[in-house]
Amino acid sequence: EVLLVESGGGLVQPGGSLRLSCAASGFPWDDSSIGWLRQTPGKDYESLSCFKSHTGLTLYSDSVKGRFTMSTDNAKNTVYLQMNSLKPEDTGVYFCAVGGSRTDCSVSTYAVWGQGTQVTVSS
């Protein structure tokens with residue numbers, strides 16, 4: 001059974017930083033893609049970053065490129081999202097999700113999602 005549990009969300013001021021964690025288990029790390037997505041108020045889900053195991057590359061959306069960094073710790077079965085220079089428009093519920101190794105990292109291609117963690121950027 002795939003299990004994904006996010007943590008690390010909270011309230012932060014604009015310009016601040018947060019690090020999200022995703023405890024992930026029950027899937028083959030070397031044959032999967034794992035990503036971070038969010039749902040912001042009044043908007044659809046957005047794919048933010050995606051680690052593709054078969055290429056070893058991490059992709060980012062234009063909205064977070066240069067500000068957010070995704071990393072994995074296979075020994076701890078944990079995925080991180082370091083978020084810097086946060087903006088009010090980053091407010092939303094953040095999810096980690098797992099899909100097949102050759103997913104195109106779009107929202108619809110993730111098979112299993114965590115429960116999400118709330119991030120609020122406000123002064």
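The structure presented is a predicted model; accordingly, all values stated were derived computationally and were not measured. Heavy-atom basis, side chains included; hydrogens, waters and symmetry copies ignored.
- Scanning all heavy atoms of the two residues, the minimum distance from Val2 to Gly26 falls at CG2-O, 3.5 Å.
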One pair to check against side-chain hydrogen bond (donor to acceptor under 3.5 Å, both in side chains): Ser53 and Asp30. What are the steps and the verdict?
CA-CA 5 Å; Ser53 63; Asp30 60 354; over 6 Å; no

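- A chain of hydrophobic side-chain contacts below 4.5 Å, direct or via other Ile, Leu, Val, Met, Phe, Trp or Tyr residues, connects Val112 to Ile34.
- Between the Thr117 side chain and the Gly9 main chain, a donor and an acceptor come within less than 3.5 Å of each other.
- We find the OG-CG distance between Ser17 and Leu86 to be 6.0 Å, quoted to the nearest 0.5 Å.
- Annotation: side chain of Met83 is in contact with side chain of Val119 (closest heavy-atom distance under 4.5 Å).
- You'll find the side chain of Cys105 reaches within 4.5 Å of the side chain of Tyr110, heavy atoms only.
- Between Phe68 and Tyr94, the ring planes are tilted. Angles from 30° to 60° get that label.
- Using modelled atom types, one side-chain atom of Thr91 and one backbone atom of Pro88 make a donor-acceptor pair closer than 3.5 Å.
- Atom CZ of Arg102 is separated from atom OG1 of Thr109 by 14.0 Å, given to the nearest 0.5 angstrom.
- Evaluation of the side-chain hydrogen bond (donor to acceptor under 3.5 Å, both in side chains) rule for Lys87 yields no partner, not counting sequence neighbours.
- The shortest side-chain heavy-atom distance between Phe51 and Leu59 does not fall under the 4.5 Å cut-off.
- Taking all atoms of both residues into account, the shortest heavy-atom contact from Leu4 to Ala97 is CD1-CA, 3.8 Å.
- Within the 4.5 Å cutoff, the side chain of Trp36 has heavy atoms near those of the Cys22 side chain.
- Side chains of Ser21 and Glu6 form no contact here, defined as non-hydrogen atoms less than 4.5 Å apart.
- Side-chain atoms of Ser61 and Ser63 form a donor-acceptor pair, as typed in the model, at a separation below 3.5 Å.
- A donor-acceptor contact shorter than 3.5 Å links the side chain of Arg67 to the backbone of Ser85.
- Considering CG of Asp90 and CG of Leu48, their distance stands at 8.5 Å, rounded to 0.5 Å.
- Partners of Gln82 under the side-chain hydrogen bond (donor to acceptor under 3.5 Å, both in side chains) rule, at least two apart in sequence or in another chain, are Asn84.
- Contact record, Ser32 with Pro28: OG-O, 2.7 Å, taken as the closest heavy-atom pair.
- If you take CE on Met70 and CG on Leu20, they are separated by 11.5 Å, rounding to the nearest 0.5 Å.
- With Thr103 contributing its side chain and Gly99 its backbone, the two residues share no donor-acceptor pair below 3.5 Å.
- The cluster map of Ile, Leu, Val, Met, Phe, Trp and Tyr, joined by side-chain heavy atoms under 4.5 Å apart, puts Val98 and Tyr60 in the same cluster.
- For Ser33 (side chain) and Ser101 (main-chain N/O), a donor-acceptor pair under 3.5 Å exists by modelled atom type.
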Which donor-acceptor pairs under 3.5 Å do the side chains of residues 73-81 make with protein atoms, sequence neighbours left out?
from, atom 1, to, atom 2, distance (Å)
Asp73, OD1, Ala75, N, 3.2
Asp73, OD1, Lys76, N, 3.2
Thr78, OG1, Lys76, O, 2.8

